[in-house]
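Each remark here refers to the structure printed beneath this line.
Only a predicted model underlies this, so the values are computations on that prediction, with no experimental measurement involved. Both counts, for ligands and for their atoms, begin at 1 and track the order of listing.
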Amino acid sequence: MSTPRPTITKRPKIAVVAMQGDFEKHIQMLLRLGAEAYPARTSAEIERADGIVLPGGESTTIGKLLARYGVDEAIKTAAGQGKAIYGTCAGLILLAREIAAGTGQRGGQPTLGLLDIVVARNAFGRQRDSFEAELKIPVLGPEPLHTVFIRAPYIVEAGPEVEILAAYESKGIFVRQGNILGSAFHPELSDDDRTHRLFLSQIAT
Ligand code: GLN
């Protein structure tokens with residue numbers, strides 16, 4: 001008699017863009033959740049992924065390196081193929097359609113334009129350079145999420161296809177548009193992995 005085979009669940013491959021910034025912690029969290037997460041620096045590494053994370057860091061630096069290595073085009077192609085993408089903090093800025101004037105758009109900082117939002121950089125001001133907050137985020141369940149903001153942006157304008165998943169002081173800080181997620185906070189800096197779970201649940205299998 002043959003024993004039933006265990007169901008083999010496919011481990012999603014997640015490219016965590018590793019040009020600069022806070023990519024290691026995303027990789028660790030995604031590995032803990034069972035994904036095959038790896039640092040990505042080339043378009044080939046983006047192409048073989050099922051999903052992509054754009055981490056926090058310095059958006060001008062990351063943006064320049066994305067363009068230099070052609071990784072920007074690879075990310076846009078992946079988005080067009082319906083792959084799940086999640087940008088946090090600087091990653092959210094890079095996904096935006098536009099950066100609000102006067103908030104660091106020196107010489108037209110290029111963005112990927114995958115989220116129909118306008119963001120303001122470093123938007124919470126000096127006194128709130130860095131802060132933490134417990135936020136109610138219905139899409140993640142009833143328990144509030146402990147969130148960490150570091151020189152964070154917020155959303156000043158969002159198009160009709162953008163769902164605002166959470167706000168802080170009436171400013172949009174967590175959004176979704178189809179397969180693209182973006183947050184102004186750093187979910188990889190707390191132990192709560194519900195944001196990464198939401199991202200993984202958006203991966204087409
Ligand atoms: N202030 C950074 C920027 O504008 C983002 C900060 C972060 O990613 N923690 O690019």
Counting from 1, what ligand 1 atoms have a heavy atom of S59 closer than 4.0 Å? 3 (C), 4 (O), 10 (O)
Below 4.0 angstrom from a heavy atom of E58, which ligand 1 atoms are there? Numbered from 1 as shown, please. 10 (O)
Nitrogen or oxygen atoms of T88 and ligand 1 under 3.5 Å apart: no
Ligand 1 and G56, any nitrogen or oxygen pair closer than 3.5 angstrom? no
Report yes if the distance between the aromatic ring centroids of Y168 and F185 is under 6.0 Å, otherwise no. no
Apply ring-ring contact (aromatic ring centres under 6.0 Å, His included) to Y38 and list each qualifying residue two or more places apart in sequence or on a separate chain. none
Between E58 and K64, does any NZ, NE, NH1 or NH2 come within less than 4.0 Å of an OD or OE carboxylate oxygen? no
Does only the side chain of R151 get under 4.0 Å from ligand 1, or the backbone, or both, or neither? Count heavy atoms. both
When you look for heavy atoms under 4.0 Å from ligand 1, do you find them on the side chain of I93, its backbone, both, or neither? side chain
Residue and atom name of the nearest protein heavy atom (relative to [atom]), distance in Å to one decimal:
atom: atom 4 (O) of ligand 1; answer: R121 NE, 2.6 Å
atom: atom 7 (C) of ligand 1; answer: C89 SG, 2.7 Å
atom: atom 1 (N) of ligand 1; answer: N122 OD1, 2.6 Å
atom: atom 2 (C) of ligand 1; answer: G57 O, 3.5 Å

Donor-acceptor pairs are to be reported for all side-chain atoms of residues 78-86 against protein atoms at under 3.5 Å, with residues two or more places apart or in another chain.
| unit_1 | atom_1 | unit_2 | atom_2 | d |
| --- | --- | --- | --- | --- |
| K83 | NZ | E47 | O | 3.0 |
| K83 | NZ | A49 | O | 2.9 |
| Y86 | OH | S183 | OG | 2.7 |

Derivation and outcome, side-chain contact (heavy atoms from CB on, under 4.5 Å), residues H26 and H196: CA-CA 9 Å; H26 280 287; H196 286 84; 2.9 Å; yes
I need the minimum non-hydrogen distance between R41 and V71, along with the two atoms involved. O-CG2, 3.6 Å
Closest non-hydrogen contact found for A35 with L200 is CB-CD2, 4.1 Å
